[in-house]
Asks: 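This is the structure, below, for whatever I ask next.
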Amino acid sequence: EAHDTRVGFFKNLILCMAICRVSYSITENGTTCRPWPFPLASAFCHGGRILIRLDGVKWQEFINFLLFEDPDGFAWTNNAVPPPLRPRWAASHAVAMDADTTQLLERKLHTKHVKRNLTDGYQNHHLGLDLPIGGFGNPTPPYKHFGRELWVGPAGVPYTLDENRDPRYLDRVQHGHMYLRWDDFGERGVPVLVPDNDGEEADEAETEQWVQLPTVKGLEDLRSILKNHRYSEQDFEPEIERLHSHLTVDRELVLLSTGRRLRCRGILIVLALEYEDDGEVKVLTHMSAKAAPDGLTGEDPPDPIIVEDCRMPMAPRLRHEAWGDSLMRYAQTHLELSLDSAEGLVDLCRSTESEEGTFCLYRCESPKTLCYQHGEYATDLKVDYDAYRFLVRVPPKDAKILGPVMRPRFSTTNEEQLHGFGGSSSSRGGAGSRFGTITREWQWLPKEEAVRRCVPGLVLPKKKFLVRRESGQLSALLLGIEGTAPMKESLFGGRHVGAKSHQLSAFGKRKWRDYRNGGQEVPADLGGIHVTVDQSSFLKLREVVKELMMKPPSAGYVEGPEQRVEKQLFRDLLSSTDNECAELIKIRLGIKTNFRTLGSKVMATYDRSQGSESFENVHESVQTLREAMQQALRVPVGTMQHVQTTMAEPLRTGLNKFRQRLTVPHEASQYEQEEAIVVAPASA
């Protein structure tokens, strides 16, 4: 029974990560998260810990479900712990919360934290679960201190057989131990991103799922990506070096893909500064920009280019850059503020960032005089931007912080490359092929006039995301798989004494730090891997597990396709990236999952208004596959061709039902092609 519970816990955890989605950050406790680009199994296999955020879900209910598939399966009273979990006295990591943004942070514990560590242990915050890594009854890796063959025990303690074929356990060894830590932060006001379309329906382009691609490694890597998305060399070759520079050197753009289509995307920090002057509200507005190219030796300088560009101040955000750093850089270069004034401006934004109505996110095009160097890389390779707009009302007492920016009219100058300014390009010569000076004109416009002129950044599009403060239960789980239980030895010779990190993970793999040292973008050591579970996704997970009716290991071999389908489902999930898991879940179960951090968290906000996927649809999707499997059981034993022919129509009907809610093209996928083989009876 304990072994069944251990295996069930791990199965449910895998399904949770596939349905609720996994993201990662390459910076410690970073706010920029992206979909998991590696096989799902690698989240467990290379060290590190997974930080699970529970929004509106109690940690007791979540652990109960993973263990018993019942949120009320254990009472957790009188400091009790449900077996096979067991309490631990101490651990090497903890979880904290940023009170302003409710972002969860993973912390490394040191000697000075001994009192807190032991207090958490006394309150059973630290839990452990011994796992049979490698599979109960399978041979273990060779153990240097034992000359005979060993097999994996039900709790990870290896055993050998004596002369009577009875198991004899090697008690000093235990291989595979999951550490869990829970934290309850109580009722919290959480800033949540919610869609606001002003009653308009989302069009196809908005509902299509665009996934950010990993960092481009070089020109050849970029050529391969473009060719895989059906761009010919004559389309992109003239501009590929410029695109490569914007992606990897300037880090102003990223590549997004639907699997077939490709586009570039950047992020703009939009600053709507309001100030009341003599009873009239005014807003700081960028009016125009004049580019004066530098003259070449022996030539007269070209005529300056003047472009009208009425908009709010906008700062391009670099890849992996915090919004505060983007704003600091922009304030000093484009607004010519001193370091102290720039810091004061960022502090003003921080003081209002979580207030309702002061922040929104929307899609926009390039400003005429800011990101003019982007675009025209290849035919149909579009560039768009996510705009993160802050509305900051400057109090009279803080006006002095902004210094010269508070003048009614002023101008700033800065040196820039002029490629694309005013529609010019390096291929056509002229101003676009040179560096030069850009002079920007600024003015504090009356807000009513700015609204009348529909100034971008002040007047918002109809389709956007708004920030609202919602009160709800906030909990966290921190978990990771260690080589061995406390005070034991692993099969690789490592001992769990103190907080020493070993070279290999419990699966015999290198740790993430080794890949990072090799130049790869991998999860950070602290706060690197994230999963967010809210009420909607938790209910969806419970319904899926209920409908799948997974068999415990003690059931043994069961004839028929159910067990084989379950086995193949987990194989496919564990070998799939986050995006592939989402498509697999949609095709196999007819469920649409959502990436909840919107690609890049500005304020650690979360999109909780995902829309309610009908549980009747979930039930119908799983039932359709089950009916197909039951029909397969009634097929007389014959050739594989006969089985596949008999099953083809019900499977095709079920998969077509799934696709009615999908945006993927209707053609045979790898999952369809595998389906007939997966559900075929073993006798065939």
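Note that the coordinates shown come from a computational prediction; the quantities given were computed from them, not determined experimentally.
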Asks: One thing to verify: whether D183 and R181 come together as a salt bridge, which I'm taking to mean a side-chain N less than 4.0 angstrom from a carboxylate O.
Replies: yes
Asks: Are W151 and Y169 near enough that their ring centres are under 6.0 Å apart?
Replies: no
Asks: Mind checking the CG-OG1 spacing from L54 to T532? Nearest 0.5 Å is all I need.
Replies: 9.0 Å
Asks: Evaluate the criterion side chain to side chain donor-acceptor pair (under 3.5 Å) for residue pair Q568 and D572; output intermediate values, then yes/no.
Replies: CA-CA 6 Å; Q568 189 63 39; D572 290 342; 3.0 Å; yes
Asks: Of all heavy-atom pairs between N124 and N79, which one has the smallest distance, and what is that distance?
Replies: ND2-O, 2.7 Å
Asks: Answer yes when D166 and R168 have at least one side-chain N-carboxylate O distance shorter than 4.0 Å, and no when they do not.
Replies: no
Asks: Supply the atom-to-atom distance T119 OG1 to H113 NE2, rounded to the nearest 0.5 angstrom.
Replies: 12.5 Å
Asks: State the NZ-CZ distance between K11 and R6, to the nearest 0.5 angstrom.
Replies: 15.5 Å
Asks: Fit a plane to each ring of F538 and F65, take the angle between them on a 0 to 90° scale, and name the class: parallel (under 30°), tilted (30 to 60°) or perpendicular (over 60°).
Replies: perpendicular
Asks: Measure from the side-chain N and O atoms of N29 to the backbone N and O of L105, and report whether any donor-acceptor pair falls under 3.5 Å.
Replies: no
Asks: If we ignore angles and hydrogens, is there a donor and acceptor under 3.5 Å between the side chains of H126 and R86?
Replies: no
Asks: Using a 6.0 Å cut-off, check whether atom NZ of K567 has over 12 heavy atoms from anything other than its own residue.
Replies: no
Asks: With heavy-atom distances below 4.5 Å as the criterion, would you say the side chains of V22 and L40 are in contact?
Replies: yes
Asks: Looking only at side chains, do D514 and Q503 share a donor and an acceptor under 3.5 Å apart?
Replies: no
Asks: Of the non-hydrogen atoms in V81 and F74, which two are nearest, and what is the gap between them?
Replies: C-CZ, 3.8 Å
Asks: Are R513 and Y515 in a cation-pi contact, defined as NZ or CZ under 6.0 Å from the six-membered ring centre and within 45° of the axis?
Replies: no
Asks: Could you walk me through whether R319 and T215 pass the side chain to side chain donor-acceptor pair (under 3.5 Å) check?
Replies: CA-CA 10 Å; R319 184 185 177 104; T215 303; 2.5 Å; yes
Asks: Does a donor on one side chain sit under 3.5 Å from an acceptor on the other, for Y143 and E489?
Replies: yes
Asks: E521 and R34: salt bridge (charged side-chain N to carboxylate O under 4.0 Å, His left out), yes or no, with the steps?
Replies: CA-CA 11 Å; E521 285 191 349; R34 291 174 286 169; 3.1 Å; yes
Asks: Can you tell me if CG on N164 sees more than 12 non-hydrogen neighbours from other groups inside 6.0 Å?
Replies: yes
Asks: Got a donor-acceptor contact below 3.5 angstrom from the N12 side chain to the L66 backbone?
Replies: yes
Asks: Quick one, R88 with E482, criterion salt bridge (charged side-chain N to carboxylate O under 4.0 Å, His left out). Give me CA distance, side-chain angles, the key distance, then yes/no.
Replies: CA-CA 13 Å; R88 288 176 42 164; E482 302 171 342; 3.1 Å; yes
Asks: Flag yes if more than 12 heavy atoms outside E187 fall under 6.0 Å of its CD atom; otherwise flag no.
Replies: yes
Asks: Rounded to the nearest 0.5 Å, how far apart are OG1 of T5 and CZ of F9?
Replies: 11.0 Å
Asks: Salt bridge or not for E106 and R49, using N-O below 4.0 Å?
Replies: yes
Asks: Under 6.0 Å between the ring centres of H125 and W182?
Replies: yes
Asks: Working to the nearest 0.5 Å, report the span between NZ of K540 and CZ of R542.
Replies: 14.0 Å
Asks: Rounded to the nearest 0.5 Å, what separation is found between the CH2 atom of W59 and the CG atom of D184?
Replies: 8.0 Å
Asks: Is the H175 to F492 ring centre distance short of 6.0 Å?
Replies: yes
Asks: Flag the pair R53 / L474 as yes when at least one side-chain heavy-atom distance between them is below 4.5 Å, and no otherwise.
Replies: yes
Asks: Is there a side-chain contact between S576 and C581 in this structure, where contact means two heavy atoms from C-beta onward sitting under 4.5 Å apart?
Replies: yes
Asks: Output yes when a side-chain donor or acceptor of H46 lies under 3.5 Å from a complementary backbone atom of R510, and no otherwise.
Replies: yes
Asks: Taking side chain as C-beta onward, heavy atoms only, is P523 less than 4.5 Å from F38?
Replies: yes
Asks: Can you confirm whether F185 sits close enough to L104 that some side-chain heavy atom of one is under 4.5 Å from a side-chain heavy atom of the other?
Replies: yes
Asks: Answer whether the closest heavy-atom distance between the side chains of H3 and P132 falls below 4.5 Å.
Replies: yes
Asks: Show, in sequence, the C-alpha distance, side-chain angles and deciding distance for S537 and D534, and conclude whether the side chain to side chain donor-acceptor pair (under 3.5 Å) test is met.
Replies: CA-CA 6 Å; S537 59; D534 59 16; 2.8 Å; yes
Asks: Is the shortest side-chain heavy-atom distance between K108 and E28 below 4.5 Å?
Replies: no
Asks: Is a side-chain N or O of E580 found less than 3.5 angstrom from the main chain of T577, in a donor-acceptor match?
Replies: yes
Asks: When you compare the side chain of N64 with that of W76, does any pair of heavy atoms fall below 4.5 Å?
Replies: yes
Asks: Looking only at atom types and distance, does a side-chain atom of Q174 sit under 3.5 Å from a main-chain N or O of V157, one as donor and one as acceptor?
Replies: no
Asks: Ring-plane angle category for Y24 and W36, please: parallel below 30°, perpendicular beyond 60°, tilted otherwise.
Replies: perpendicular
Asks: Got a donor-acceptor contact below 3.5 angstrom from the N117 side chain to the A91 backbone?
Replies: yes
